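This one's a predicted model, so the numbers in the text were calculated from it and none came from an experiment.
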Amino acid sequence: MVAAFKERLREIDPMYITFEGLQTLQVNLGNLCNLSCAHCHVSASPAGDRIMGPEVMEKIVGLLTRRAGITLDITGGCPEMTPHFRALVEGTRGCSPRRMVRSNLTIMTEPGMEWLPEFYREEELVVIASLPCYQEENVERQRGTGVFARSIEALRILNGMGYGDTLELNLVYNPGGPFIPGSQRELEEAYKAELLTRYGIRFNNLYTIANAPIGRFREYLEAKGAYERYLAMLATRFNPEAARNIMCRTLVSVDWKGFLYNCDFNQAVGLPITSSNGEILKIDDLEEAAATGAELFLAQHCYCCTAGEGSSCTGALS
């Protein structure tokens with residue numbers, strides 16, 4: 001299946017298996033999180049012990065200082081729980097034209113974390129917040145009891161800070177089962193209408209993201225006997241238009257140890273970027289690799305990004 005996927009990409013663009021024109025540095029701070037969501041591809045939890053330290057963060061700041069114009073995308077289980085999260089954000093001030101933090105929202109309601117919304121505003125961070133549905137029962141099925149109410153509370157706080165108006169607030173939808181997202185435009189319209197009418201919540205954009213068949217979601221699929229069927233559906237729904245725009249062409253993901261990956265999904269399954277001699281590349285190697293090109297490492301889960309409207313960390317691709 002992987003070989004067939006590569007051939008499909010080569011048919012679209014002969015240069016598809018090199019990455020060039022680096023636009024986004026996605027920094028995964030680890031798997032520590034205050035939640036244990038059923039769909040989490042990095043299997044994050046309060047027991048997470050993979051946590052990025054200041055040494056790797058300093059190298060990231062150095063890279064962004066030398067190379068102007070790269071978007072910084074901060075993610076992880078719950079990146080705000082990483083001890084040096086604040087230092088990373090402050091250290092990259094003025095180094096990147098667009099800095100994003102991916103939040104699960106509930107972290108802002110945890111005791112001792114009340115400073116976060118004001119910090120986001122002071123740093124002018126783009127907040128990308130996970131809200132897998134606008135219906136309480138669907139959110140709690142994926143994320144746990146009480147999560148929906150806490151998410152709404154956090155969204156209201158962000159709205160009060162200007163997010164969803166003068167500051168950018170984007171929400172993320174992902175399916176609750178073995179299917180791909182519907183129309184991003186239609187889902188965004190429904191989200192905006194429902195959240196505004198029911199809760200007075202405003203936001204800018206909705207990103208639809210397909211669940212990769214890895215981590216806890218793979219375990220869920222296998223328990224349901226639906227893993228092979230889900231893979232076959234993704235392959236059947238392959239969309240050449242979406243494939244032209246997959247995020248690994250312009251994004252590189254950095255893990256908590258500083259190793260490089262084509263995306264967060266590859267990072268989760270341990271599929272790093274390597275040199276021609278098989279050496280795993282680290283943040284120190286990124287500038288040379290981006291300048292000379294490096295092979296994209298593909299696996300069968302990559303079909304999730306090319307099915308239907310396509311999927312990326314910033315939503316649909318077509």
**Message:** Could you walk me through whether E55 and K257 satisfy the salt bridge (Lys or Arg N to Asp or Glu O under 4.0 Å) test, starting with their C-alpha distance in whole Å, then the side-chain angles of each, then the deciding distance to 0.1 Å, before giving a yes or no?
**Reply:** CA-CA 9 Å; E55 299 83 5; K257 288 185 175 180; over 6 Å; no
Contacts of F179 meeting ring pair (Phe, Tyr, Trp, His ring centres under 6.0 Å) (sequence neighbours excluded), chain-then-number -> none
Minimal heavy-atom distance between M108 and A154, with the atoms involved, is SD-CB, 4.1 Å
query: Got a salt bridge between R86 and E90, using NZ or NE/NH1/NH2 to carboxylate O under 4.0 Å?
result: yes
Could you check whether the rings of F85 and W115 sit parallel, tilted or perpendicular, using 30° and 60° as the cut-offs? tilted
Query raised in the report: Does L286 share a hydrophobic cluster with L88, counting links as ILVMFWY side-chain heavy atoms below 4.5 Å and allowing steps through other members?
Result: yes
*Does E118 come within less than 4.0 Å of R121, counting only side-chain N to carboxylate O?*
yes
Fill in: Backbone of P272 reached by a side-chain donor or acceptor of N262 within 3.5 Å
no
Check: Should the pair R198 and Y134 be classed as cation-pi, given the thresholds of under 6.0 Å to the six-membered ring centre and 45° from the axis?
Finding: no
Run the numbers on E137 and R141 for salt bridge (Lys or Arg N to Asp or Glu O under 4.0 Å), then give the verdict. CA-CA 6 Å; E137 59 270 25; R141 189 179 302 118; over 6 Å; no
One should read off an interatomic distance between S312 OG and N245 CG, to the nearest 0.5 angstrom, of 9.0 Å
Between the main-chain N or O of L317 and the side-chain N or O of E309, is there a donor-acceptor pair closer than 3.5 Å? no
*asked:* According to a hydrophobic-cluster definition based on side-chain heavy atoms being under 4.5 Å apart (Ile, Leu, Val, Met, Phe, Trp, Tyr only), do I283 and L72 belong together?
replied: yes
Here the gap from D73 atom CG to L25 atom CG, rounded to the nearest 0.5 Å, amounts to 9.0 Å
For I180 and R237, the nearest pair of non-hydrogen atoms, with its separation, is CD1-NH1, 3.3 Å
**Prompt:** Will you find, in the side chains of E136 and N138, an N or O donor that is under 3.5 Å from an N or O acceptor?
**Reply:** no
Q) Going by an N to O cut-off under 4.0 Å, is there a salt bridge joining K224 and E219? A) no
Considering only NZ, NE, NH1 and NH2 on the basic side and carboxylate oxygens on the acidic side, decide whether E188 and K192 come within less than 4.0 Å. yes
Task: Donor-acceptor under 3.5 Å (Y261 side chain, A268 main chain) - done: no
Q) Would you say V139 and L169 are hydrophobically clustered, going by side-chain heavy atoms of ILVMFWY under 4.5 Å? A) yes
Closest non-hydrogen atoms of M247 and C263, given as atom of the first, atom of the second and distance, are CE-CB, 4.0 Å
In this structure, CZ of F259 is separated from CD1 of I273 (nearest 0.5 Å) by 12.5 Å
Rounded to the nearest 0.5 Å, the OH atom of Y173 sits from the CG atom of L171 at a distance of 13.5 Å
Answer yes if the side chains of Y227 and R218 hold a donor-acceptor pair under 3.5 Å, and no otherwise.
-> yes
Looking only at side-chain N and O atoms, does N28 offer a donor or acceptor that is under 3.5 Å from a partner on T75?
no
Honestly curious: do F148 and I107 fall in one hydrophobic cluster under the side-chain, below-4.5 Å linking rule?
-> yes
Checklist line | Side chains of N34 and E110, donor plus acceptor under 3.5 Å | finding: yes
Is the closest basic N to carboxylate O distance between D284 and K59 below 4.0 Å?
yes
Self-check item: Same cluster (ILVMFWY, side-chain, under 4.5 Å), M52 and I70
Solution: yes
| query | Ignoring hydrogens and geometry, is there a side-chain-to-backbone donor-acceptor pair from S45 to A47 under 3.5 Å? | reply | yes
| Backbone of N170 reached by a side-chain donor or acceptor of N205 within 3.5 Å | no
Treating S311 as the side-chain partner and A210 as the backbone partner, does any N or O pair qualify as donor plus acceptor under 3.5 Å?
yes
request  = Determine yes or no for a side-chain-to-main-chain donor-acceptor pair under 3.5 angstrom, with R66 supplying the side chain and V61 the backbone.
outcome  = no
- Short question: side chain of T306, backbone of Y303 - any donor-acceptor pair under 3.5 Å? yes
For a quick check under 3.5 Å, do T109 and E153 share a side-chain donor-acceptor pair by atom type?
no
In terms of heavy-atom contacts, F265 and C304 come closest through CE1-SG, 3.9 Å
Between the CZ atom in R143 and the OG1 atom in T106, the distance rounded to the nearest 0.5 Å is 6.5 Å
- Identify whether the distance between the nearest side-chain nitrogen and carboxylate oxygen of R99 and E124 falls below 4.0 Å. no
**Ring centers of Y220, Y230 separated by less than 6.0 Å** = no
Closest heavy-atom pair, N239 versus S318, reported as atoms and distance to 0.1 Å, is ND2-OG, 3.2 Å
(Q) Looking at C95, is its backbone amide N or carbonyl O close enough to the side chain of T92 to form a donor-acceptor pair, meaning the two atoms are under 3.5 Å apart? (A) no
In terms of heavy-atom contacts, A242 and G308 come closest through CB-O, 4.4 Å
Distance col, row L131:CG vs I128:CD1, nearest 0.5 angstrom, shows 14.0 Å
query = Would you say the side chains of S103 and E80 form a donor-acceptor pair under 3.5 Å?
reply = yes
- prompt: Is atom CD of E288 surrounded by more than 12 heavy atoms (other residues, nucleotides or ligands) closer than 6.0 Å?
  reply: no
inquiry  = Could you check whether N174 and N211, counting side-chain N and O atoms only, form a donor-acceptor pair closer than 3.5 Å?
reply    = yes
